[in-house]
Amino acid sequence: MRLVLLGAPGAGKGTQCKNIVTEHGLLHLSSGDILRQERAAGTELGARAQSYMDSGALVPDEIVIGMMAKAIEEAPASGFVLDGFPRTVNQAIELDKALAATGLKIDAVLNLKIDDRVVAARMTGRRSCPQCGAVYHIENLKPKIKGQCDHDATDLVQRPDDSLEVVAQRLETYHRQTEPLVDYYKQNGTVYEFDAGESVDEVKASILEKLDTLDKTRSADAVSN
Ligand code: AP5
Ligand code: MG
């Protein structure tokens with residue numbers, strides 16, 4: 001299955017992708033995570049992306065599209081879930097073209113809907129593991145030992161773009177440049193919407209139920225064809 005997960009900053013895209021990966025064996029491809037890895041590795045691409053990310057703006061399409069095309073090309077045949085990409089209508093068009101060239105397409109788009117007012121509390125309380133990428137929250141999703149990753153005991157860090165000021169800019173960027181994608185995908189297929197204001201487990205249950213239904217439909221279609 002090839003999935004796109006849409007949603008504002010802090011909607012829970014990264015958190016829910018971890019669940020989808022575990023249950024459905026898909027590769028999690030987060031453009032934000034890949035950009036942060038490039039920055040940590042000190043690459044030229046990472047250096048070019050830095051000022052955009054730190055200010056809450058989008059990294060230009062000519063940097064992101066090539067980077068994600070390469071990651072998708074290397075993905076296994078079992079499929080992937082895209083988190084944070086595409087983020088502009090132009091990126092979505094380029095993604096569709098690249099997939100169509102190899103006879104593939106996006107099977108489903110999942111949209112996590114969240115109120116802007118909920119986002120600020122989520123972002124300022126988020127902590128993540130620089131080693132394995134696990135995501136926590138100081139109130140909602142605490143690690144077993146304060147400040148330490150459950151998986152590898154690495155000290156948790158706060159993302160530099162999670163300050164209130166940058167979060168406000170990221171939300172503005174989201175509404176202006178990314179939200180129009182929901183309509184783009186509605187015109188080109190089905191978008192499944194989820195209330196991302198519910199608890200992590202409730203959102204997880206709704207997404208997994210929908211994916212199970214889609215899986216069954218795909219299997220039935222494959223048998224009848
Ligand atoms: P990116 O890393 O993609 O950031 P984002 O879209 O702003 O989203 P986040 O990762 O902040 O939020 P999330 O939805 O993953 O939430 P999470 O699960 O962590 O992008 C960063 C930057 O890179 C961009 O600003 C841009 O500059 C650049 N970039 C990336 N992709 C690009 C592209 N395609 N084009 C151009 N530029 C690009 O959850 C957040 C917190 O809430 C956590 O603490 C979590 O524990 C908690 N939480 C999650 N779900 C719940 C819940 N249901 N209830 C309570 N708490 C919850
Ligand atoms: Mg994320």
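What's counted below: heavy atoms across the whole structure, side chains too, no hydrogens, waters or symmetry copies. One-based numbering along the sequence shown. Both ligands and their constituent atoms are indexed starting at 1 by order of listing.
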Any side-chain heavy-atom pair of L82 and M68 under 4.5 Å: yes
For G84, the ligand 1 atoms whose distance to one of its heavy atoms is below 4.0 Å: 31 (N), 32 (C), 33 (C), 34 (N)
Check for me whether Q16 has a heavy atom closer than 4.0 Å to any atom of ligand 1. no
Of Q169, H175, R170, the residue whose pairing with E172 passes side-chain hydrogen bond (donor to acceptor under 3.5 Å, both in side chains): Q169
With only distance considered, is G14 within less than 3.5 Å of ligand 1 through an N or O on each side? yes
Can you tell me the protein heavy atom closest to atom 31 (N) of ligand 1 and the distance? S31 OG, 2.7 Å
In terms of atom number and element, which parts of ligand 1 are under 4.0 angstrom from non-hydrogen atoms of A196? 53 (N)
Heavy-atom nearest neighbour in the protein, as seen from atom 16 (O) of ligand 1, with distance rounded to 0.1 Å: G12 N, 3.3 Å
Do you reckon V89 sits in the same ILVMFWY cluster as L110, going by side-chain contacts under 4.5 Å, direct or chained? no
Residues, nucleotides or ligands: over 12 heavy atoms within 6.0 Å of R176 CZ: yes
Sorted by chain and number, sequence neighbours left out, side-chain contact (heavy atoms from CB on, under 4.5 Å) with T22 holds for none
Membership question, hydrophobic clusters at under 4.5 Å side-chain separation (ILVMFWY): are L27 and I106 in the same one? yes
So the atoms of ligand 1 within less than 4.0 Å of a heavy atom of Q91 turn out to be 33 (C), 34 (N), 35 (N), 36 (C)
I'd like to check which ligand 1 atoms, numbered from 1 as shown, lie under 4.0 Å from a non-hydrogen atom of L35. 23 (O), 28 (C), 29 (N), 30 (C), 38 (C)
Could you pull out, from M53, R127, R87, the option with a heavy atom nearest to atom 20 (O) of ligand 1? R87
With atoms numbered from 1 as shown, which atoms in ligand 1 lie under 4.0 angstrom from a non-hydrogen atom of V64? 33 (C), 34 (N), 35 (N), 36 (C)
Taking atom OH of Y52 as the centre, does the number of heavy atoms from other residues, nucleotides or ligands within less than 6.0 Å exceed 12? no
Does ligand 1 have a heavy atom under 4.0 Å from the side chain of M123, from its backbone, from both, or from neither? side chain
Within-shell test, S199 vs ligand 1, heavy atom, strictly < 4.0 Å: yes
Does ligand 1 have an atom that lies less than 4.0 angstrom from a heavy atom of A8? yes
Are L181 and L6 close enough that some pair of their side-chain heavy atoms sits under 4.5 Å apart? yes
With nothing but distance in play, are any N or O atoms of D33 less than 3.5 Å from an N or O of ligand 1? no
So which atom in D155 and which in P130 form the shortest heavy-atom distance, rounded to 0.1 Å? O-CD, 3.4 Å
Should E23 and L211 count as side-chain neighbours, where that means a heavy-atom distance under 4.5 Å? no
A side-chain contact here means heavy atoms from C-beta on lying under 4.5 Å apart; do N90 and I65 qualify? yes
Do any nitrogen or oxygen atoms of R36 lie less than 3.5 angstrom from nitrogen or oxygen atoms of ligand 1? yes
Backbone or side-chain N or O of D162 under 3.5 Å from ligand 1 N or O: no
Is M68 near ligand 1, meaning one of its heavy atoms is under 4.0 Å from it? no
Give yes or no for whether the N/O distance cutoff of 3.5 Å, strictly under, is met between F85 and ligand 1. no
Shared hydrophobic cluster, L58 / I63 (ILVMFWY, side-chain heavy atoms < 4.5 Å): no
Under 3.5 Å: N/O of R122 near N/O of ligand 1: yes
Proximal candidate to atom 25 (O) of ligand 1 [heavy atom criterion; set A121, G32, A57]: A57
Residue E62 excluded, over 12 heavy atoms near CD under 6.0 Å: yes
Are any of the side-chain heavy atoms of V167 and T124 separated by less than 4.5 Å? no
Which of the numbered atoms in ligand 1 are below 4.0 angstrom from a heavy atom of E198? 52 (C), 53 (N), 54 (N)
Ligand-residue contact atoms, ligand 1 with Y136, heavy atoms, under 4.0 Å: 43 (C), 44 (O), 46 (O)
Work out whether the distance between some heavy atom of R159 and some atom of ligand 1 is less than 4.0 Å. yes
Is any side-chain heavy atom of R127 less than 4.5 Å from a side-chain heavy atom of H137? no
Heavy-atom contacts with T15 under 4.0 Å: which atoms of ligand 1 show up? List them by number with element. 17 (P), 18 (O), 39 (O), 45 (C), 49 (C)
Please report whether ligand 1 has a polar contact with G10, defined as an N or O pair separated by less than 3.5 Å (distance criterion only). yes
